[in-house]
Structures are given as structure tokens and as C-alpha cells.
Number of protein chains: 2
Amino acid sequence: MEKSQREYISISKQALKRLPYYLNYLKKLRDSGANKVSSTMIAKEMHLSDVQVRKDLAAVSKTGGRPRTGFDIEELIMCIENYLGYNNINDAVLVGAGHLGRALLSYSGFESYGLRIVAAFDNNKDVVNTNICGKLVFPMEKLNDICRRLKVHIGIITVPADAAQNVCDQLIDSGIIAIWNFAPVHLSVNEEIIVHNENIAASLALLSNQLAVKLNRIQK
Amino acid sequence: MEKSQREYISISKQALKRLPYYLNYLKKLRDSGANKVSSTMIAKEMHLSDVQVRKDLAAVSKTGGRPRTGFDIEELIMCIENYLGYNNINDAVLVGAGHLGRALLSYSGFESYGLRIVAAFDNNKDVVNTNICGKLVFPMEKLNDICRRLKVHIGIITVPADAAQNVCDQLIDSGIIAIWNFAPVHLSVNEEIIVHNENIAASLALLSNQLAVKLNRIQK
DNA sequence: TAGATTGTTAATCGATTAACAATC
DNA sequence: TAGATTGTTAATCGATTAACAATC
């Protein structure tokens, strides 16, 4: 296959999730002065198999690696950032300025991941019109108007579970096509809408289950 | 297989992640007055296949379902909560009282998921000895002493990426055996330590990749 | 050259789905 | 009884790993 066609290699969801970890490690290597890296080296650092790393990198690297020398760190960083869309920033709105919402609003790291939260919304009058880290909180009534005017595509939901579906519907009405849902509910949406669930309860489920298994084993 | 041996059916990680969503839906049904639910019904609500739901439920339900009538909602809720360990609360400490750390400290929902954050730690003098939602922030020097005295098993890491490995090592030194890591780095740990990564960058990677694919398709 | 490393094809593993018998 | 629903076994699908040729 032509090098220039590399970009069409499909990548698994699992692999996509590994990319930010690779990126982090590669940047650390670069900052320590290194130029080249092998898939074996990355694999060892992250406790993965070298073949897996090579396959993942094959999907994102334009130039590929070279036998004996490995991959160019700088090139890999650029390719991964590019692949993940960190270079072209997407605008997003956030609905629900509670604790979690505020944490996300005040998190300054998103821009480097290609996400800029341009406005927040809430229906609590005590929060509306306040300013959280430079981002204004608007009343829900303005959602549609602002989303359409700013051509925002991503909506972040940080409202309680029972309000999430309603907020979701409003976001879609306002032209949002990708939703990052932090409420612990399944959202019913039309097929063409992208929903990504960030469920702390689900993660915790895994952790506490593993812990329970471990503690049980120890007792036996 | 004997009903009483049901509890030994193994469950996939994926299934474990679905359980909290089932739970949420089941509680909603219960609150609306329902008694019984079929796997088809749950599947339709959550856009899954009915067989998958049945298989997941088979792993957690003690009594199982009954043909024609389905599953008892109350029993399922109890079994899932039990399976996920929501009933016996685990104590945890949190290290890193920045924005994200504060959000987690002030999140009141954890107790119902079986997690109680008993103390927070930070090395920033401006935060040390302050009180966040009833939880005291201690200096890092006290980590070992407090973890050992309270017999805490879970550590939550919400420090910047470059400090995470160091904090992780300190936690393990203090007797922690399960780590919930919110820093976007791979942590190197001994085999017997459980690490669960919560990487916002990784999630965002998936979302923005899907969005990019979608926007590209639309343009074509 | 020798050997470390890449990239690819085939084999394996795990999770989901299809098919169907059992049951109320 | 008829048919909706469960639970299980076999088939499929997707992701990881093993094996190995190609290359610098």
C-alpha cells in the first residue's frame, strides 16, 4: 500500500483510547532529548505487546517506522495529535453548572485536546449570569440561539440523571451532533447523533468489583 | 447448575460497565410502580440485544427470570447493587485537591456507589488544612499515617500527569491496593495492585475522532 | 554481514449474536 | 393450549497475539 494511503487504515476503539497514552509518553521522551523510539520500548513502558503498539502506530503514522531505528518521535507526536484532532479545535457548550460542570469549565487542559468550551448553561437562577473561569453561564432559554449562532457541534451534559434526556433533546434541537454525557443514564437519540458516555458509576463498578474479588481471595 | 451457584458465573468487563445503566433504568421503573421487567424491555430501552441483557442478568441474578413474566425488578436491583458492592462501603483517600479533585470531593453521589472519600491530600500550602465539603485536606506527609490508621484500600489520583507516578508509589507504600487514576499517564505498578484509569483525554479522543469522521462524510 | 526492528498474514482469544429448546 | 419469555449452545464478529518475511 502507498504511504500516502496510510491514513485510511481503520483503527479500533480500543486503539484510539491508547493513543493519548502513547502521546503522553512520547512527549516525555522528546522532552528528555530523545529522537527515535521503538515499538518495543513503548510496549515495555506501557505493559502492552510490541505487535499491538506497532499495529496502532501503523494506523496513525504517515511515514511509518524504519527497521533498526524505529519511529521518529516528533513525527509520531504530530501524527497522533493530528489523528486525534487536537490541532483543529472544536467548540462545545456545557449544560449543568454544578460541581462536575464547574470542574470541567475550570479545567484548562481541554484546549490542548482540541476542545474549547465556549459557554455554559443552567436553569438555576443563582448560577445564571455568573462567570466561571472566564466562561459565562447562560439561562437555558438562550441555548438554541447561542449554539446556532456560534455553530457549536459538541454538547457536554453534566446535569443530574433525571434531567439528562431532556437536556439532550434540547441540545439536538440546537444543532448539536456530538454529545459527551456525564449523567449515568442511557440517552435515547437518533442514529446520526454521536453519544459518548462518561460514567463514573460504571468505572467505579469495575474497580470495586476487582477489589472485592481481590479481598475475597486474600481472605480465603 | 444449581441456583445457589449462580454467583460464580463469570462476567465480562463490558457487562460490568453495563450494570450501572441497568440499575438506573430499573430504579426508574420501580419508582413508576412496576414490578416485573423483561430482558426485551431493557434491551429496547438501552439499544442492546435482548440476549445480551439476559446473559448479563444471568450472571448477577440469584433467582433468575421466569418465562412469560420476566425478572422481578426489586430482586434485580438488590442483586446488581450487591454485585457491584454498593452495599459495603469502601473508604478511599484522594490526592490532589485541584479542580478535578475538588469536584470529586464535593460530589455527594459516591456513597450510593459504595465509595466514601475520607480524606484528601495535597502539597500546596494554600489548600492544606482547608475543608472541602466536610473533608479535610492534609499535607502529603500525613498520607502514610492516615491510610494505615484508617485501613484505607482505595486511592484516587487527581494530580497533574508528571506527579502521578510519584503519588502512586506513595499510595502503595501506604497500603493502598486499588488506584483510581485520573491523570493521563500509564502508572507502573506491581502486579497485585489494581489500577483503573479514568482518562478524559482518551474519551475525548474517541468522541472527536467520531465527530471528525462524521463531518468529513458530510462534506463529501 | 548480522541482528534488531518493522509490517503483515494467520491463529487465538473474548465478547456478541443467532438459533433453538425449555418453561410458565 | 399458545405464545411470550428465559437460558444455553453454536456461530459470528472484533481485537489481540503469534509467527515470520522484509528491511535497514
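We name chains A, B, ... by the order of the sequence lines, and we start the count at 1 in each one.
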Checklist line | Annotated protein contacts, base or backbone, on nucleotides 14-24 of chain C with a non-hydrogen cut-off under 4.0 Å, one of B, S, - each | finding: -SBBB----BB

Notebook entry, point to check: Quick one: stems for DNA chain D, with Watson-Crick or G-U pairs under 3.5 Å, at least three in a row?
Noted result: C:3-24 with D:3-24

Notebook entry, point to check: Would you say Asp91(B) and Lys151(B) make side-chain contact, with heavy atoms under 4.5 Å?
Noted result: no

Run the side-chain donor-acceptor check on residues 183-197 of chain B: report pairs under 3.5 Å with partners two or more places apart or on a different chain.
unit_1	atom_1	unit_2	atom_2	d
Asn197(B)	OD1	Asn181(B)	ND2	2.9

Checklist line | For Asp72(B), the option from Arg66(B), Lys36(B), Arg30(B) that meets salt bridge (Lys or Arg N to Asp or Glu O under 4.0 Å) | finding: Lys36(B)

Check: What do you reckon, are the aromatic ring centroids of Tyr25(A) and Tyr22(A) less than 6.0 Å apart?
Finding: no

Next item on the list: Answer yes or no: is there an ion pair linking Lys62(A) with Glu75(A), defined by an N-O contact shorter than 4.0 Å?
Entry: no

Notebook entry, point to check: Rounded to the nearest Å, what distance is computed from the CG atom of residue Leu57(A) to the P atom of nucleotide dT5(C)?
Noted result: 15 Å

Notebook entry, point to check: With respect to the phosphate group of dA4(D), does any side-chain polar atom (N or O) of Thr40(B) fall under 4.0 Å of OP1 or OP2?
Noted result: no

Note to self: Could you walk me through whether His99(B) and Tyr107(A) satisfy the side-chain contact (heavy atoms from CB on, under 4.5 Å) test, starting with their C-alpha distance in whole Å, then the side-chain angles of each, then the deciding distance to 0.1 Å, before giving a yes or no?
What the structure shows: CA-CA 7 Å; His99(B) 284 305; Tyr107(A) 181 53; 5.6 Å; no

Checklist line | Name of the residue among Arg54(B), Lys44(B), Gln52(B) meeting side-chain hydrogen bond (donor to acceptor under 3.5 Å, both in side chains) with Ser39(B) | finding: Arg54(B)

Next item on the list: Grab the CD1-P distance between Ile42(A) and dG7(C) for me, whole Å please.
Entry: 12 Å

Notebook entry, point to check: So, Asp31(B) and Lys27(B), do they make that salt bridge, N to O below 4.0 Å?
Noted result: no

